[in-house]
Amino acid sequence: MNNLYSWTEYYDLTQRGVSGDLEFYLEYAKQAGGEVLDLACGTGRVSIPLAEAGIPVTGIDLSEEMLNRARQKAEAAGVADRTRFIQGDMRSFALERTFPLIMIPYRSFLHLLHLKEQMNALTCIRHHLAPGGKLVMNVFVPKIDDLYEENEKMSLRGIYPLDNGEQVVMWDYTRYDHFQQLAEVTRTYERVAADGRLQEKVVGRFTLRYIFPMELHHLLRLNGFKVLERFGSFAKTPFDRHSTELIVVAQAV
C-alpha cells in the first residue's frame, strides 16, 4: 500500500477535475484583482493556468511530492515567478497576509474528516480573506442510491492511453461509513502494455467525508460566512435537486 499522492504522474493523468471547473475558477480569479490562494493545490492543475493568465497564485498542500511536481510544471510553463507553493495544512496555515480570493477546487474540502477540522479550516480562511474577499469551493452532492450501489464494490473509474501505446486503468473500491459520512477509497492504478501485460500496479488509500448541501450552508454560516452564489454546475446552472455538484461563492460577514 503506497502513498497515493506520491504518484504524481498518475495523479495528473487521471485527475482532471470537473467539467468546466478551470474556466470557472479562472473567471473568479480575474475578477478578484489580486493574488489568489489555492488550498489543496496538488500539482498545480488550477494554480498554473491562473498564473499563465497573469494572476499571482500561492498554493498550499500537505504533500511535498505534489508540490515538487507543481514547481516543476510552473518552471516548465514559465510562470515560476508568479507562483509560490508552500507545504501546509488548510486547517492551520498562517501566512500573515490576506487574499481577495481563496479557492478550494476539486472537492478538496472533503478531505477534512471531522467537524472540528472543517471549523478550523474555515476559521483560517476567514482570517486570510481581504475585506470583501470571496471563498469559492465545490463539493459533490451525495446521492443515497449511488452510495448504496457503490458500497464495497470495485468500480472502473477510467482508462487513460499513454503516448507509447500503454494504458493506465484506474479502479476504486469504496467502503462507506454512513454514520460518520465517510468514504474510504482504495484506489488502484494498473499500467498495461499494448499486448495486455501488466507493467506496474500501484495501490493507495484515501478517505473523504461527504457533506450534504444544507450541512455546508450551515457550516459556512456558523463560521462567519454568507453564501453569495451557488450553482449546480460550472456552467452556472441553478442548484436544484437534480444537481450532482454544489459550487459555492461565499463572503465573510
Asp21/Arg45 ion pair, N-O < 4.0 Å: yes
Would you call the rings of Tyr189 and Tyr10 parallel, tilted or perpendicular, taking 30° and 60° as the class edges? tilted
Indicate, with yes or no, if Leu222 and Leu113 share a hydrophobic cluster defined by side-chain heavy-atom contacts under 4.5 Å among Ile, Leu, Val, Met, Phe, Trp and Tyr. no
Pairs in or reaching into residues 97-117: which pass salt bridge (charged side-chain N to carboxylate O under 4.0 Å, His left out), with residues at least two apart or in two chains? Glu35-Arg97, Arg91-Glu117, Arg107-Glu245
Only one of Thr58, Val136, Ile60, Leu129 forms a side chain to side chain contact (heavy atoms under 4.5 Å, CB included) with Ile102, so which one is it? Leu129
Quiz question: by atom type and distance under 3.5 Å, do the side chains of Tyr11 and Glu65 form a donor-acceptor pair? no
If you define the side chain from C-beta out and look only at heavy atoms, does anything of Leu219 sit under 4.5 Å from Glu215? no
Phe24 vs Phe234 aromatic rings, parallel, tilted or perpendicular, using cut-offs 30° and 60°? perpendicular
Do any N or O atoms from the side chain of Asn138 and from the backbone of Tyr106 form a donor-acceptor pair under 3.5 angstrom? yes
Taking atom NZ of Lys73 and atom CD1 of Ile48, what is their separation to the nearest 0.5 Å? 5.0 Å
Just jot down the side chain to side chain contact (heavy atoms under 4.5 Å, CB included) partners of Ala130, sequence neighbours excluded, or say none. Thr98
Is there a donor-acceptor contact under 3.5 Å from the side chain of Gln181 to the main chain of Arg209? no
Non-hydrogen side-chain atoms of Leu135 and Leu122 separated by less than 4.5 Å: yes
Under 3.5 Å, which donor-acceptor pairs link side chains of residues 165-173 to any protein atom two or more places apart or in another chain?
unit_1 : atom_1 : unit_2 : atom_2 : d
Glu166 : OE1    : Asn164 : ND2    : 3.3
Glu166 : OE1    : Arg191 : NH1    : 2.8
Glu166 : OE2    : Arg191 : NH1    : 3.2
Trp171 : NE1    : Glu190 : OE1    : 3.3
Asp172 : OD1    : Arg187 : NE     : 2.7
Asp172 : OD2    : Arg157 : NE     : 3.1
Asp172 : OD2    : Arg187 : NH2    : 2.8

Whether the side chain of Ser108 engages the backbone of Ile104 through a donor-acceptor N/O pair (distance < 3.5 Å, no angle test) should be reported. no
Check whether any side-chain N or O of Lys226 sits under 3.5 Å from a backbone N or O of Val253 as a donor-acceptor pair, and report yes or no. no
Is the side chain of Asn151 donor-acceptor paired with the backbone N or O of Tyr176 at a distance under 3.5 Å, no angle test? yes
Quick check: closest heavy atoms across Ala53 and Lys30, and the distance to 0.1 Å? CB-CE, 4.4 Å
So, for Phe239 and Pro213, which heavy atoms are closest and what is the spacing to 0.1 Å? CZ-CG, 3.6 Å
Are Ile86 and Phe93 close enough that some pair of their side-chain heavy atoms sits under 4.5 Å apart? no
Option from Asn223, Ile211, Leu110 for which side chain to side chain contact (heavy atoms under 4.5 Å, CB included) with Gln118 holds: Ile211
Would Leu62 end up clustered with Leu39 when hydrophobic side chains under 4.5 Å apart are linked, directly or stepwise? no
